[in-house]
Amino acid sequence: MSAGNQQERLSSEERKRWFLAGLIEGEGSCTIAIKRHATQRYGFYVDPEFFIYQHKNRRAVLDLAVEVFKTGRIFPKQGNPDVLVYAITSRRTIAEKIIPFLERYMTYSARKDDYAKFGEAIRRFEAGEHRTAEGLAKIVRLAYGMNHEGKQRQRPLEMVLDRILRGHMPDTPIQR
């Protein structure tokens, strides 16, 4: 069977999904934002986010993401209006649409380990583990294990864990 015949056997929708997988590989980002917030129970907002970046002249590929996922928003990147961002920041939508997509279409990705950690973190959120200090700490550890082991994070992992776990586990050493 030639490569051309294989291409013809994919439906139009399936071709769009595989194209989108390639776009995500090059221009996509799965992250778990960790933002200090004084009024949060454990001192931080911890939220999953999914982005695809593209120059404004290539908006059509971001529109394709909206078409395939049937959700998301497109806006100019802060500080660089020539770049557009496709974003999904709803944890439920990420769980329902992005995680199944990543598991099916990104199996050969160079970032498949990051996608697996992202998926595990989302499942922990969906199970409600973020509501306890210990559960939130597990999610934060996963976040710091993604994207080059958290090298671009503003705060060291130990500082975030100390704040989350402080006073919540008396007489128990903090596990790192």
K.L.:
Which atom pair, heavy atoms only, marks the closest approach of R104 to T107?
P.N.:
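That closest heavy-atom pairing would be O-CG2, 4.0 Å.
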K.L.:
Looking only at heavy atoms, which two atoms of P100 and A95 are closest? And how far apart?
P.N.:
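The pair with the smallest heavy-atom distance is CD-O, 3.3 Å.
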K.L.:
Nearest 0.5 Å please: distance from the OH atom of Y45 over to the CD atom of Q40.
P.N.:
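Separation between the atoms: 4.5 Å.
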K.L.:
Among all residues two or more places apart in sequence or in another chain, which pass the ring-ring contact (aromatic ring centres under 6.0 Å, His included) test with H55?
P.N.:
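Here no residue qualifies.
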K.L.:
Please check this pair: side chain of Y42 against backbone of A133, looking for a donor-acceptor N/O pair closer than 3.5 Å.
P.N.:
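Answer holds: yes.
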K.L.:
Hey, any chance V66 and L84 share a hydrophobic cluster, counting ILVMFWY side chains that come within less than 4.5 Å of each other, even indirectly?
P.N.:
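Looking at the clustering, L84 is in the same group as V66.
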K.L.:
Just verifying a value: how many Å separate N147 CG and D113 CG, rounded to the nearest 0.5 Å?
P.N.:
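Interatomic distance, N147 CG to D113 CG, rounded to 0.5 Å: 11.5 Å.
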K.L.:
Would you say the side chain of L161 lies within less than 4.5 Å of the side chain of R141, judging by non-hydrogen atoms?
P.N.:
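Yes. Closest side-chain heavy atoms under 4.5 Å.
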K.L.:
With the side chain counted from C-beta on, respond yes when D47 and T89 share a heavy-atom pair under 4.5 Å apart, and no when they do not.
P.N.:
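Not touching, per the 4.5 Å side-chain cut-off.
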K.L.:
Could you go through R124 and E120, starting from their C-alpha distance and side-chain angles, then the distance that decides it, and tell me whether this counts as salt bridge (charged side-chain N to carboxylate O under 4.0 Å, His left out)?
P.N.:
CA-CA 6 Å; R124 288 178 180 275; E120 183 179 344; 3.0 Å; yes
K.L.:
Scan for ring pair (Phe, Tyr, Trp, His ring centres under 6.0 Å) pairs involving residues 12-35, sequence neighbours excluded, and state none if there are none.
P.N.:
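Residue pairs passing ring pair (Phe, Tyr, Trp, His ring centres under 6.0 Å), neighbours aside: W18-Y105.
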K.L.:
Nearest heavy-atom pair of D114 and G145: which atoms, and what distance?
P.N.:
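Looks like OD1-O, 4.0 Å.
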K.L.:
Ignoring hydrogens, what is the shortest heavy-atom contact between P81 and G79? Give both atom names and the distance.
P.N.:
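Minimum heavy-atom separation between P81 and G79: CD-C, 3.9 Å.
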K.L.:
When you compare the side chain of I99 with that of I94, does any pair of heavy atoms fall below 4.5 Å?
P.N.:
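They are in side-chain contact.
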K.L.:
With sequence neighbours left out, what residues match R91 under salt bridge (charged side-chain N to carboxylate O under 4.0 Å, His left out)?
P.N.:
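For R91, the residues satisfying salt bridge (charged side-chain N to carboxylate O under 4.0 Å, His left out) (neighbours in sequence not counted) are E126.
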K.L.:
Would you compute the distance between atom CG of L165 and atom CD of E134 and round it to the nearest 0.5 angstrom?
P.N.:
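Reported value, rounded in 0.5 Å steps: 6.5 Å.
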K.L.:
Which residues pass the ring-ring contact (aromatic ring centres under 6.0 Å, His included) test with Y115, sequence neighbours left out?
P.N.:
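Counting only residues at least two positions away or on another chain, Y115 forms no ring-ring contact (aromatic ring centres under 6.0 Å, His included).
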K.L.:
Sort and list the pairs that fulfil ring pair (Phe, Tyr, Trp, His ring centres under 6.0 Å) and have at least one residue in residues 63-100, not counting sequence neighbours.
P.N.:
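Found F69-F101.
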K.L.:
Between E13 and R17 (salt bridge meaning N to carboxylate O under 4.0 Å), is one present in this structure?
P.N.:
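Salt bridge absent between E13 and R17.
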K.L.:
Same hydrophobic cluster for V83 and I74, using side-chain heavy-atom links shorter than 4.5 Å among ILVMFWY?
P.N.:
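Per the 4.5 Å side-chain linkage, V83 and I74 are not co-clustered.
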K.L.:
Is E96 salt-bridged to K70, going by a charged N under 4.0 Å from an acidic O?
P.N.:
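Answer for the salt bridge query: no.
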K.L.:
Can you find a heavy atom in the side chain of I88 that is under 4.5 Å from one in the side chain of K97?
P.N.:
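Result no, sub-4.5 Å side-chain heavy-atom pair not found.
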K.L.:
Please report the interatomic distance CZ(F44) to CE(M159), rounded to the nearest 0.5 Å.
P.N.:
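So the CZ of F44 and the CE of M159 are separated by 4.5 Å.
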K.L.:
Just so I know, are the side chains of Y144 and K117 near enough to count as touching, which here means a heavy-atom distance under 4.5 Å?
P.N.:
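No. Closest side-chain heavy atoms not under 4.5 Å.
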K.L.:
Quick one: list whatever passes side-chain contact (heavy atoms from CB on, under 4.5 Å) with Q54, sequence neighbours left out.
P.N.:
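Q54: side-chain contact (heavy atoms from CB on, under 4.5 Å) contacts with L23, E27, R58, V61, L62.
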K.L.:
Grouping I, L, V, M, F, W and Y whenever their side-chain heavy atoms are under 4.5 Å apart, do I122 and L142 come out in a common cluster?
P.N.:
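Cluster IDs for I122 and L142 differ.
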K.L.:
Quick check: do R36 and Q154 have side-chain heavy atoms less than 4.5 Å from each other?
P.N.:
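They are not in contact (no side-chain heavy atoms under 4.5 Å apart), so the answer is no.
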K.L.:
Between M146 and I52, is there a shared hydrophobic cluster once you connect ILVMFWY residues whose side-chain heavy atoms come closer than 4.5 Å?
P.N.:
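Same cluster.
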K.L.:
Before giving the answer on side-chain contact (heavy atoms from CB on, under 4.5 Å), spell out for F50 and I24 the whole-Å C-alpha distance, their side-chain angles and the decisive distance to 0.1 Å.
P.N.:
CA-CA 10 Å; F50 174 78; I24 291 168; 3.7 Å; yes
K.L.:
When you check the side-chain N and O atoms of E49 and T31, is any donor under 3.5 Å from an acceptor?
P.N.:
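Distance-only check fails for E49 and T31.
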K.L.:
Do H130 and V46 make a side-chain contact, defined as non-hydrogen atoms from C-beta onward lying under 4.5 Å apart?
P.N.:
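A side-chain contact is absent here, since even the closest heavy-atom pair is not under 4.5 Å.
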K.L.:
Rounded to the nearest 0.5 Å, what separates atom CZ in R111 from atom CD in E25?
P.N.:
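Rounded to the nearest 0.5 Å, the CZ-CD separation comes to 5.5 Å.
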K.L.:
State, with a plain yes or no, whether a side-chain heavy atom of L64 is found less than 4.5 Å away from one of K16.
P.N.:
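Of all side-chain heavy-atom pairs linking K16 with L64, at least one is under 4.5 Å.
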